[in-house]
Amino acid sequence: MKKDIHPKAVPTKIIFQGKVVMETMSTKPEIHVDVWSGVHPFWTGEERFVDTEGRVDKFNKRFGDSYRNKKK
């Protein structure tokens with residue numbers, strides 16, 4: 001590795017809505033984020049499942065079996 005070409009790593013504060021939620025190392029002293037694991041629905045257990053059955057019904061109503069019956 002070449003010397004003196006890498007950026008300096010400094011202690012970094014990850015900030016969400018004005019509060020420090022995490023400290024790590026980075027090239028910037030502060031990083032402001034919009035979403036982090038403490039408020040993300042997947043990690044908090046508030047995940048909403050997509051209605052895939054409704055989507056399939058909508059697709060079949062729109063296209064029927066015409067997409068399957070085409071010869072290649």
As an exercise, state the distance from [atom1] of [X] to [atom2] of [Y], rounded to the nearest 0.5 Å.
X     : Y     : atom1 : atom2 : result
His6  : Thr27 : NE2   : OG1   : 13.5 Å
Met25 : Lys8  : CE    : NZ    : 11.5 Å
Met22 : Thr24 : CE    : OG1   : 5.0 Å

Legend entry - pair Ser26-Ile31: side-chain heavy atoms closer than 4.5 Å: yes

Inset, instruction - Kindly work out whether a path of hydrophobic side-chain contacts (I/L/V/M/F/W/Y, heavy atoms less than 4.5 Å apart) joins Ile15 to Val33. - result: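 Result: no, two separate clusters.
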
Inset, instruction - Measure across Phe16 and Val21 and return the closest heavy-atom pair with its distance rounded to 0.1 Å. - result: CB-CG1, 3.9 Å

Legend entry - Closest approach of Thr12 to Lys28 (non-hydrogen atoms, all atoms of both residues): OG1-O, 2.6 Å

